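Inspection log for the structure reproduced underneath, given as structure tokens.
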Amino acid sequence: MKRTQTSGGSTDPGEDGAPGAGNERLVGSDRVLAVLKELSRYPDGVGLEELTRVIGSPKPTVHRALGALRRAGLADQDAHGRYVLGDEFLRMAFAHHEARPDHVRIRPVLEALAHRFGETAHYAVLDGHEVVYRAKVDPPTGAVRLTSAIGGRNPAHTTAVGKLLLTRRLTSLEEVEAWVGQSPLERRTSWTRCTPADLHGDLTATRERGYGVDDQENEKGVNCLALPVYLTSPATPSGAVSISALAYRTPVATLVDALDEIRVLLGPLGEPHR
């Protein structure tokens, strides 16, 4: 364990006067952030007992973390005593999201796609082994809509956008195997590619055709078609746009048949500039 030394050569004792307390503050900060992330999973609120169980830390530790978050406005308690994300956190999150250039630039494309196909359009980026949804537009009509949310995540290997973006990073079976590692790939449906060999085969086909397909691999009854978009780089996709459709209403074949039209709607954002 490293200790910080002052100009006089003595050991910095930290706030409680004990050597090494600075390291404990770092651990404490990690726990506060873990509590904050866990709160985001409970839009209806969560009790202290359940939060303590999920976090795996002592109740006093979790309670102190919640206190720090409440003082900062990042957490709050509802009328039933359950903890929720605070208004200040939501304000910062929405302000940051609205200020993103990619969110502003891609929205007209998503609106056009949602209107044309009567299905949900997403913009997502790759983050490690997951995709993160940065923007979403629901269709103007239709009784059945998807429950996906901006900021939500899905495994990259189960989604059209994820597989499309992975084709740039994983070009060989060895690279796919290293990316998968020791943890088995999550099986979302009976159609999910869960072995390195199957995923590699799918990525190879995706790379050759230039678009990604999720044929009920992430959620039964929902399929997707994804195309790359170039918002921040002229040659490397910043993310991908997908049309997520109910399979009974808009089969994959219908989306594939409309590829040329989809590319027209994407316009310059869907074309690399070398």
Side-chain angles (χ1 to χ4, degrees), residues 1-104 107 122-136 146-156 159 162 181-183 186 232 238-239:
M1 181 184 297
K2 292 184 178 180
R3 295 179 180 178
T4 304
Q5 297 220 331
T6 65
S7 58
S10 61
T11 301
D12 183 5
E15 287 184 345
D16 62 357
N23 187 60
E24 289 301 312
R25 288 200 301 275
L26 177 61
V27 172
S29 298
D30 288 341
R31 286 175 179 157
V32 171
L33 293 176
V35 170
L36 179 63
K37 290 180 65 176
E38 197 60 37
L39 280 180
S40 69
R41 302 176 187 272
Y42 298 89
D44 296 326
V46 59
L48 178 59
E49 294 287 347
E50 183 175 359
L51 196 57
T52 297
R53 179 183 59 80
V54 174
I55 295 294
S57 293
K59 185 186 293 185
T61 300
V62 176
H63 191 260
R64 284 195 298 271
L66 287 167
L69 292 171
R70 292 187 67 190
R71 288 191 294 275
L74 304 181
D76 204 351
Q77 273 185 294
D78 62 19
H80 304 286
R82 296 170 66 82
Y83 291 92
V84 296
L85 288 176
D87 289 341
E88 177 63 12
F89 178 88
L90 299 176
R91 183 197 66 77
M92 292 191 302
F94 284 119
H96 182 71
H97 176 261
E98 290 297 327
R100 282 184 182 274
D102 53 2
H103 164 74
V104 175
R107 187 169 182 85
H122 294 101
Y123 171 66
V125 299
L126 187 64
D127 183 18
H129 284 62
E130 298 177 313
V131 294
V132 182
Y133 297 99
R134 290 278 181 82
K136 171 190 176 184
L146 303 184
T147 58
S148 55
I150 296 173
R153 293 172 176 262
N154 269 318
T159 60
Q182 300 301 314
S183 301
E186 179 184 357
T232 58
S238 58

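Quick caveat: nothing in here was measured; it's all calculated off a predicted structure.
The shortest heavy-atom contact between E186 and P155 is OE1-CG, 3.6 Å. Contact record, V131 with A124: CB-CB, 4.5 Å, taken as the closest heavy-atom pair. Taking each heavy atom of I150 and R134 in turn, the nearest pair found is CG2-O, 3.5 Å. Across all non-hydrogen atoms, the minimal contact from T232 to S238 is OG1-CB, 3.4 Å.
Taken to the nearest 0.5 Å, the CG atom of L66 stands 8.0 Å off from the CD atom of Q77.
The number of heavy-atom neighbours closer than 6.0 Å to NE2 of H129, taken from other residues, nucleotides and ligands shown, is above 12.
By the side-chain contact (heavy atoms from CB on, under 4.5 Å) test, S148 pairs with H122, K136, L146, sequence neighbours left out. Looking at residues two or more places apart in sequence or on another chain, you find no side-chain hydrogen bond (donor to acceptor under 3.5 Å, both in side chains) involving D87. The side-chain contact (heavy atoms from CB on, under 4.5 Å) search around D76 returns R70, V84, not counting sequence neighbours. Remark: R153 engages D127, E130 in a salt bridge (charged side-chain N to carboxylate O under 4.0 Å, His left out) (not counting sequence neighbours). Residues passing the salt bridge (charged side-chain N to carboxylate O under 4.0 Å, His left out) test with R107, sequence neighbours excluded: E111. Applying the side-chain contact (heavy atoms from CB on, under 4.5 Å) criterion to A65, with sequence neighbours excluded, gives V32, V35.
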Scan the side chains in residues 49-57 for donor-acceptor partners under 3.5 Å anywhere in the protein, sequence neighbours excluded, and list what turns up.
| residue | atom | partner | partner atom | Å |
| --- | --- | --- | --- | --- |
| E49 | OE2 | K59 | NZ | 2.4 |
| T52 | OG1 | L48 | O | 2.8 |

Which atom pairs, donor and acceptor, lie under 3.5 Å between side-chain atoms of residues 37-44 and protein residues at least two apart or in another chain?
| residue | atom | partner | partner atom | Å |
| --- | --- | --- | --- | --- |
| E38 | OE1 | R41 | NE | 3.4 |
| S40 | OG | K37 | O | 2.5 |

